[in-house]
Number of protein chains: 2
Amino acid sequence: MFDINPSDPAPIWKQIEEGLRRLITLGTLQPGESVPSVRDLARDLRVNPNTVARAYQRLSDAGVLAVRRGEGTYVADEPTRPNRAHRTEVLRDAANRYASAALSVGVQLDEAVAVLEASFDKLVAVHRRKG
Amino acid sequence: MFDINPSDPAPIWKQIEEGLRRLITLGTLQPGESVPSVRDLARDLRVNPNTVARAYQRLSDAGVLAVRRGEGTYVADEPTRPNRAHRTEVLRDAANRYASAALSVGVQLDEAVAVLEASFDKLVAVHRRKG
DNA sequence: CATGGTGTACTAAGGCGTTAGTACACCATG
DNA sequence: CATGGTGTACTAACGCCTTAGTACACCATG
């Protein structure tokens, strides 16, 4: 489905939340489609079920996922889209972290852009492979 | 000198380490030049001296900073440069995080590149202002 | 020599993330 | 109705990060 990076300082529940949002915006997960159960995804990612549950609950509160009690969790029929303010904030923060990391190891803008394109291609390719 | 982002999941000592490496590679801090004392930088960043000390010690172990006991800490005469393997690893990881964040909020490559350029410009501008 | 600033070391406490284990209410299925 | 899978909730424990406080050895300065 997607990968978790244990060495990433970002919390695992946040990586799961981001990964699911990514698959939804890319169309890999479509409205009404079911997502893996808490226990299944936890086993798949080699992570504790509580951590997955935390991500699912946050996405449900945000209106991205919909829970049918006793049955399972599904992508909402009309998944909530982040507004412009939140989107630009997330993007600027992430860009600052990337630029800082690049400059700290002596990498210029052009090379940073090239590597960024490769990362984009890889993630979109995962999308095309349906998982 | 540089900024610390308390909401960044990355440890503060790592942000300090990265910030100093960035200023050195940009030339804002030149070989032989002195860096602020542990207590001064801690007061400046509103952070505990222990946290700054941790970053200084790691940079000293890496050969980027040189400590003169009882006197202060300085940029090494020939600061160690990260090798290609480490550089590409850091860059790829950071690029993956940025690409993932962008796609999770529905941002395409072109917009992500534009925002990245802005971040680069901002950091380099800080460099030109000598701090 | 006395003072003050330097890096360094140590302990104690609190917060957050993660894991582990257990338990419950819910619902589809047979 | 019994079973099994679903999300959810709770406690306990561990580790890492951070803060706070104290203390030490070192050295430049006056």
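Each chain gets a letter, A, B and so on, in the order the sequences are listed, and its residues count up from 1. FYI, side chains are in, hydrogens and waters are out, and symmetry mates aren't considered; it's all heavy atoms of this structure. Bear in mind the structure is a predicted one, so any value in this text is a computation, not a measurement.
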List for me each residue that meets side chain to side chain donor-acceptor pair (under 3.5 Å) alongside A:Gln15, sequence neighbours excluded, and say none if there are none.
-> none
Pairs meeting criterion ring-ring contact (aromatic ring centres under 6.0 Å, His included) with involvement of residues 88-118 of chain A, two or more places apart = A:Tyr98-B:Tyr98
Only pairs at least two apart or in different chains count here, so list each ring-ring contact (aromatic ring centres under 6.0 Å, His included) that has a residue in residues 66-97 of chain B.
-> none
May I have the distance from B:Asn5 (atom CG) to D:dC17 (atom C1'), rounded to whole angstrom?
-> 15 Å
Should the pair B:Arg58-B:Asp61 be classified as a salt bridge under the 4.0 Å nitrogen-to-oxygen rule?
-> no
For B:Gln57, enumerate each residue passing the side chain to side chain donor-acceptor pair (under 3.5 Å) test, keeping only those at least two apart in sequence or located in another chain.
-> none
Side chain to side chain donor-acceptor pair (under 3.5 Å) with A:Arg21: which residues, sequence neighbours excluded?
-> none
Would you mind writing out the side-chain donor-acceptor pairs for residues 2-10 of chain B within the sub-3.5 Å range, not counting sequence neighbours?
from: B:Asn5; atom 1: OD1; to: B:Ser7; atom 2: N; distance (Å): 3.1
from: B:Asn5; atom 1: OD1; to: B:Ser7; atom 2: OG; distance (Å): 2.7
from: B:Asp8; atom 1: OD1; to: B:Ala10; atom 2: N; distance (Å): 2.9

Residues of residues 56-79 of chain A with a heavy atom under 4.0 Å from any atom of DNA chain C, listed by number, are A:Arg69, A:Gly70
Any side-chain N or O of B:Ser37 less than 4.0 Å from the OP1 or OP2 oxygen of C:dG5?
-> no
Selection residues 104-125 of chain A - residue pairs positive for ring-ring contact (aromatic ring centres under 6.0 Å, His included), sequence neighbours left out | none
Among all residues two or more places apart in sequence or in another chain, which pass the side chain to side chain donor-acceptor pair (under 3.5 Å) test with B:Asp93?
-> none
With B for base contact, S for sugar-phosphate-only contact and - for none (protein heavy atoms under 4.0 Å), nucleotides 12-24 of chain C reads -----SSBBB-B-
Residue list, side-chain contact (heavy atoms from CB on, under 4.5 Å) with A:Ala66, at least two apart or on another chain = none
If you write DNA chain D from 5' to 3' in dot-bracket form, with Watson-Crick or G-U pairs under 3.5 Å, [ ] for crossing pairs and | for pairs with another strand, what do you get?
-> ||||||||||||||||||||||||||||||
